[in-house]
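The structure under discussion appears below in the form of structure tokens.
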Amino acid sequence: MRSLLHHRLAVSSIVFIIILALIAILAGVINPFALQGYGDVLAATNQAPFAKQTLQDNYARPMTESKNPDLQGFVYYAGADNLGRDILTRTIYGARISLSVALVAALVSLIIGIAYGLTSGYLGGRTDEIMMRFVDFLYGLPIVIVVILMQVYFKAVARRGDASGLVGMILGVNAALGGMLFVFIAIGALNWIGMARIARGQTLSYKQKEFVEAARATGSGSRRILFSHLMPNILGPCIVQETLQIPGYILLEAFLSFIGLGVDAPTPSWGIMINEGFQALRSAPHIILVPAAALSLTVLAFNFLGDGLRDAFDPRQRGV
Amino acid sequence: MWRFIIRRIIWSIPVILLLMLTVFSMMRALPGGPFDFEGDKSLAKAVTDNLERRHHLDWSEPWQFVSYVLGDDVAGAVCESVSSIPGCDKVLDGYKAGVSKGVIRGDLGMAMRQRGRTINDIIGESFPVSLQLGLMAIAFGLLTGVPLGTIAALKQNTAIDYAASFFAVLGLSVPSLVLGPVLIWIFALKLGWFPVSTWGAQPPFFLGFIPTPTKAFFMHAALPVTALGLALTASIARLTRASLLQVIGEDYIRTARAKGLPQATLIVRHALRNSLIPVVTILGPLTAAVVTGSFVTEFVFGIPGMGKHFITSINNRDYSMISGVTLVYALLLVIANMIVDIVYAWLDPRIKFD
């Protein structure tokens, strides 16, 4: 019964996440402006739907019609914020940020962590000790503070805007991503430490197994053993562990954006939207409602998904 | 045991030093310094130069770091004896006018943006408030999370268990930046039960951090502590439940039950004590979570704590302030992890440190 309940929750979470991902990918086509037939109006003014400001409509309540003559008849289903931007549209575009952070930060952390842990565990001996000492050392650093400082640094360098060459190219990519690149780097590059420990532990336990010995006896090289024998075995547990970290990444991005160190405005991140809604909590409480609900539901779904995956792959931990 | 503690302290020194060096060099690599103002607010060149000289910003960066960690007089003394080291001319020029006694002697320096105030002064004022908030949040998490997890484990696979587990995941998923505004909106703005913002206690505090327990203090603390502590409740409840379930299945619990111990004694004296060991281990990471959460909570509730200073000083490029606050946070986390390890050893007699 219990595992079934978990299973159901995990399945509904996957469905929720897939729908959210589809909404995020198709945001350009299925945002309220396009659906209500105002896509051409926006295209004519050359404005992105999430940045469309209508000053007649600032603080518009949910389900009210726009007072902008160009947008006659447009309904703000979730209301508009202090600049008259449609909250529903911004929340839909905000899903792009949160989901890309979840995906990219998890991938970066998984790749670096597995590469590091696999190398350390496979080589063993002195190398292993030094590599793990380094990980212990990084473990002692207060990660969030380092991430905040890195963000401040990146943002200041980006603001100066006179960089050329490689740095200029990176800054260009970052600007194209709405300031997300540095969030990816900061989150992913600092969270591989736990993954490296898990990957090393797994490698150590599989290294002793007969099939590795057999592979070596039949003349397989190190590369073949690493990639065809060890990697497939440790990948499963590592992915499960990484899934459990995803809610943390999403929350960290929202936190950074909330304190003004995340993506650059006007890119709509749920963290920025929650901050804007909080500023107007007394006069227009509806602004915070939709992004806050979206953030909480998404994190909830990833939490259930992680729990479900862990239950499926590691029965000993069931129900933890 | 003592050897273990001493080794932990020695091991944490390079971590803290590296962190200080990172913060120090990152802040100085940023474009713009603490005395750069634009437009009408800009200062005359002579004034800026004077201010920078006072804070030794004209020194080369390695010397600035030496002065920050060891003190102006140490940097000066080194340069007096061996003046051929690069950068020494500036040091000899300015060290007598210096003010810093160095972090090693407990002096975090002068604030660059709040004129005439020392960092020790500012942190001494704001840190107790943050500490009160954090400690109360952890206490809240333990006092609600352990009973919740215990009940869920004892009623395993009943509706109570499912409700508790669901609540726990929910608590993990609603971050303080959502929970804070929601609590304010419901309990302060709509119902008017609690004040909207600020903190209900002011220095001086008993023993440096214990406030006078007045009604105003608890009314002000109720919402921020809940916003910060609910996530802790959730993770502690999950862990307590899991580990209690594991312990209850052990042989020695069956033995204790067979010899006729009452259920309450069995759970509290035998099972719960051992099942709390994993709970103790996550208190280290949870302290880090409290620190992060306190930035948001202090901002949302307008609490004059250290998190507020951290965010504003980064934007102001107040070098000494950022370094000071980072150092305090790093020390806090290192000490918290050490206490966790010691309590761990005390709870679990099988663990021996050598």
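In what follows, chains are A, B, ... by sequence order, proteins preceding strands, each numbered from 1. Note that the structure is a prediction, hence the values are computed from the model and not measured.
Chosen from Ser296(A), Ala301(A), Gly271(A), the residue pairing most often with chain B at heavy-atom distances under 4.5 Å is Ser296(A). Between chain A and the residues Leu177(B), Val196(B), Val178(B), the most heavy-atom pairs under 4.5 angstrom are made by Leu177(B). When the candidates Val300(B), Thr326(B), Leu172(B) are compared by the number of heavy-atom contacts under 4.5 Å with chain A, Val300(B) comes out ahead.
Ring geometry for Phe304(A) against Phe166(B) counts as parallel: the plane angle stays under 30°, on a 0 to 90° scale with 60° as the upper cut.
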Inset, instruction - Could you give me the CA-CA distance, side-chain angles and deciding distance for Arg282(A) and Ile184(B), then say whether side-chain contact (heavy atoms from CB on, under 4.5 Å) is met? - result: CA-CA 9 Å; Arg282(A) 200 183 279 266; Ile184(B) 291 182; over 6 Å; no
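Heavy atoms closer than 4.5 Å to chain B are found in the side chain of Ile148(A), but not in its backbone. Residue contact with chain B, scored on non-hydrogen atoms closer than 4.5 Å, involves the side chain of Ile288(A) exclusively. Contacts between Phe278(A) and chain B at a heavy-atom distance below 4.5 Å involve the side chain alone, from C-beta outward. Both the backbone and the side chain of Leu281(A) come within contact range of chain B, with heavy atoms under 4.5 Å apart. Of the two parts of Leu332(B), neither the backbone nor the side chain holds a non-hydrogen atom closer than 4.5 Å to a non-hydrogen atom of chain A. Only the side chain of Leu18(B) comes within contact range of chain A, with at least one heavy atom under 4.5 Å from a heavy atom of that chain. In this structure, chain A has no heavy atom under 4.5 Å from any part of Val325(B).
Listed by first and then second residue, the ring-ring contact (aromatic ring centres under 6.0 Å, His included) pairs involving residues 171-190 of chain B are Phe187(B)-Trp193(B) (not counting sequence neighbours).
Other residues, nucleotides and ligands place more than 12 heavy atoms under 6.0 Å from the CD atom of Gln279(A).
Paired with Ser173(B) under the rule side-chain contact (heavy atoms from CB on, under 4.5 Å), one option of Thr298(A), Asn303(A), Leu295(A) passes, and it is Asn303(A).
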